[in-house]
Student: 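One structure, as structure tokens, below. Some questions next.
Order of listing sets the numbers, starting from 1, for every ligand and every atom in it. All heavy atoms count here, side chains included; hydrogens, waters and symmetry mates do not. On a predicted model such as this, the values are computed, not experimentally measured, just so you know.
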Amino acid sequence: MEANTFDVLYDTLLGYIVEGMKYSFALSVLVGLYLLYRFFFIPYMIKRHYMKHSVTCSPRDESYNQFRRSTNKHVERCKDFKLYFQKTWHHLELCSIKSIEEFQKKVPEDFDRSDHFASYSYQAIQDAMCFKTKDDESKPKMYHLSKCLGVSFFLSKMPLIASLILRRVNTIRRDELVDFLKYSQMITLEIMCHMLFGEDFQEKINYAHYRHADGYVETCSYFTLFPRILEDSEAQRDDIKAHMFQFLSKNYAIDPFKRNMYNITEMMRILTDFTNISTDKNSMYKILSNSEDYSQYEAFVECVSFLFASAETLPHAMCSILYQVRKSEQIYLKLKQDLRHLEDNFKQVDAEHLKEQLDSCDLLTYVIKEGLRIDPPMAQSNLYKAVEGSAEICDVPIRKDTLVSVNILAAHMDPDEWENPSEFNPERFNPLSKDFMRPDEKKGQRSNYSFIPFSVGKRSCLGQSLSLNLLKIFVGQILASYGYSLEGSQEGQSHMSFCRMSKNILKLKIHKGDY
Ligand code: HEM
């Protein structure tokens, strides 16, 4: 009897194991087939399609910096676009002005933002950054937004901005060699948090919690938490797991997504709590949420998207402009001289007067534009996806689901539009200079698509005018109130890029006093 029970149990168990093996075998076959389809068959079909239409294909396994250099080198050779293959994904980069012009007319009907990267681990931010189009429905919202991002709002915040820059730069010790990207990140975050959420931000927000990869939770300042989140999101973007198991990464079931979700939730909690206690009635959040077209949640999401968009771009622009200016002693000294008389204006800010003064310094405007040209913070736009597969660009039919991006740098380096494109020459933006026109003067004025640091079309940057104003006050203040020099080894280098995702660090010494 006992032997019988044991046999039955044994048979049942064996049965389960055999069944289980059958299922796991079937499951492995299915996963294998999916991986083959996803990583070999689709790329092969895409490559074949574009090769047929003579599109250049290049692998892109090098680091981003190498890619930048190679893009620069090959700009003359690649006619309209290139199909890039990276470890886990591929996309078509629009390189010629003609292709960019044709593309932007087809957004969002034929090309819309891609959900390819779950880069922020937070649905609210993805909603704001990736999948929302400025369509007709959002017109009333655009009205409120343009009010918040326009000049009068900026003027009302100018004294605050100047004092935040001054305070942060004053924490740098005399002649200390600093990683300036970190400083400009802090400055940008402080400015944006105060503008977006309330002028009492710093008073009321002290610390946050950051979870490390090993699970250790560190108490740190809010302005340290945020750059770490950006760094983690950047690393996450190229994580192979994200592409192989999208359902797991999208549901934050695996690290680093799970950990990032924890940190971003902490960041959002702090911001939400702050919106409830802030007494500033003139913050962007309050203006938007008090308007009837925005719910509180929508206003919050919009402000968070601005925080991310600016933190990812402005610090890079600041570093790149300061670097380029300091490489040319002549431009540096001239600019300092033009701005010298403004030093006191940054301490006791009469906003309208200061803005007028900054705007009247033409060289400052040209330097900022040339900095954004030679080293755009975003060397390429975000990714778009071909929706229907019926669109053509430069007579090449674009296959459905192809990922497409605008190669901003390629337009900025186009030799038909810019003479000696890799030379820093602010005079290109001076309408009275001979360098204002195309290299071949007979060809006349440059194309509107030759200078596109904020990208083009319906999904271009919303913060363009705010950014230019912020850069003016930042660069103007550093040059009027301080001096700076590059670290010796960086001075000798021919060209360094500080665009997003470049791993270069700008090392600066800030000189306080007359230099
Ligand atoms: C120098 C600074 C900046 C540069 C170079 C820059 C550049 C860009 C670029 C290239 C895009 C992508 C457009 C595309 O993919 O086609 C973009 C999008 C965006 N930017 Fe900026 N940006 C800057 C600063 C800012 C600031 C300060 C804000 C907010 C106040 C902002 C808000 C946005 C938003 C909301 C989008 C998404 C627009 C959409 O999806 O419709 N940007 N930016």
Student: Who are the salt bridge (charged side-chain N to carboxylate O under 4.0 Å, His left out) partners of Asp110, not counting sequence neighbours?
Tutor: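 Residues passing salt bridge (charged side-chain N to carboxylate O under 4.0 Å, His left out) with Asp110: none at all.
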Student: Provide the number and element of each atom of ligand 1 under 4.0 Å from a heavy atom of Ala309.
Tutor: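 Here the atoms of ligand 1 in question are 20 (N), 31 (C), 32 (C), 33 (C), 42 (N).
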Student: What are the atoms of ligand 1, with element, lying closer than 4.0 Å to any heavy atom of Pro377?
Tutor: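 Checking each atom against Pro377, I get 5 (C).
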Student: Any idea which atoms of ligand 1 are less than 4.0 Å away from a heavy-atom of Leu149?
Tutor: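 Once the distances to Leu149 are compared, the set is 30 (C).
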Student: For ligand 1, does Leu466 get within less than 4.0 Å through its side chain, its backbone, both, or neither, judged by non-hydrogen atoms?
Tutor: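 The answer is the side chain of Leu466.
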Student: Between the candidates Val107, Ile452, Leu462, which shows the shortest non-hydrogen contact distance to atom 36 (C) of ligand 1?
Tutor: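 Going through Val107, Ile452, Leu462 one by one, Leu462 has the nearest heavy atom to atom 36 (C) of ligand 1.
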Student: Can you sort out which atoms of ligand 1 are near Ser460, meaning under 4.0 Å from one of its heavy atoms?
Tutor: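 Atoms satisfying the 4.0 Å criterion: 38 (C).
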Student: Flag the pair Arg428 and Glu419 as a salt bridge only when some basic side-chain nitrogen lies within less than 4.0 angstrom of an acidic carboxylate oxygen.
Tutor: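 Salt bridge flag = no for Glu419 with Arg428.
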Student: Search all heavy atoms of Leu307 against all heavy atoms of Phe197 and return the closest pair with its distance.
Tutor: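 Heavy atoms only, the tightest pair is CD2-CE1, 4.3 Å.
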Student: Among side-chain atoms of Gln324 and Glu370, is any donor-acceptor pair under 3.5 angstrom?
Tutor: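 Absent: no donor and acceptor within the cut-off.
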Student: Determine the interplanar angle of the Trp418 and Phe429 rings, folded into 0 to 90°, and report it as parallel if under 30°, tilted if 30 to 60°, perpendicular if over 60°.
Tutor: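 Because their plane-to-plane angle lies in the 30° to 60° range, the rings of Trp418 and Phe429 count as tilted.
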Student: Is it the side chain, the backbone, both or neither of Val406 that has a heavy atom closer than 4.0 Å to ligand 1?
Tutor: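 No part of Val406 comes within reach of ligand 1.
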Student: Considering Glu302, Met195, Met378, which one's heavy-atom position lies nearest to atom 9 (C) of ligand 1?
Tutor: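 Residue with the shortest heavy-atom distance to the ligand atom: Met378.
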Student: Tell me every residue that passes side chain to side chain donor-acceptor pair (under 3.5 Å) with Gln202, counting only those two or more places apart in sequence or in another chain.
Tutor: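 Once residues adjacent in sequence are excluded, the partners of Gln202 under the side chain to side chain donor-acceptor pair (under 3.5 Å) criterion are Arg167.
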Student: Looking only at heavy atoms, is any part of Pro376 under 4.0 Å from ligand 1, and if so is it the side chain, the backbone, or both, or is it neither?
Tutor: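 The answer is neither.
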Student: Please could you name the atoms of ligand 1 that Ser455 approaches to less than 4.0 Å, counting only its heavy atoms?
Tutor: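 Answer for ligand 1: 10 (C), 13 (C), 14 (C), 16 (O).
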Student: Between Asp200 and Lys286, does at least one N-O distance fall below 4.0 Å, as a salt bridge requires?
Tutor: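 No salt bridge links Asp200 with Lys286.
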Student: Within the 4.0 Å heavy-atom shell around Pro453, which atoms of ligand 1 are there?
Tutor: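 Taking each heavy atom of Pro453 in turn, ligand 1 has 5 (C), 7 (C), 10 (C) under 4.0 Å.
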Student: Between Asp338 and Lys334, does at least one N-O distance fall below 4.0 Å, as a salt bridge requires?
Tutor: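 Yes.
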Student: When you look for heavy atoms under 4.0 Å from ligand 1, do you find them on the side chain of Ser467, its backbone, both, or neither?
Tutor: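 Side chain only.
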Student: Looking only at distances, can you tell me whether any N or O atom of Ser310, backbone or side chain, sits closer than 3.5 Å to an N or O atom of ligand 1?
Tutor: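 No, there is no polar N/O contact under 3.5 Å.
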Student: Check whether any side-chain N or O of Ser278 sits under 3.5 Å from a backbone N or O of Phe274 as a donor-acceptor pair, and report yes or no.
Tutor: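 Such a contact is absent between Ser278 side chain and Phe274 backbone.
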Student: If you measure from each non-hydrogen atom of Ile408 to ligand 1, which part falls under 4.0 Å: side chain, backbone, both or neither?
Tutor: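 The answer is the side chain.
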Student: Does this structure show an ion pair linking Lys355 with Glu352, if we count only N-O contacts that are shorter than 4.0 Å?
Tutor: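 No, Lys355 and Glu352 are not salt-bridged.
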Student: Can an N or O of Asn382 be found at a distance shorter than 3.5 Å from an N or O of ligand 1?
Tutor: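 Yes, Asn382 has an N/O under 3.5 Å of an N/O on ligand 1.
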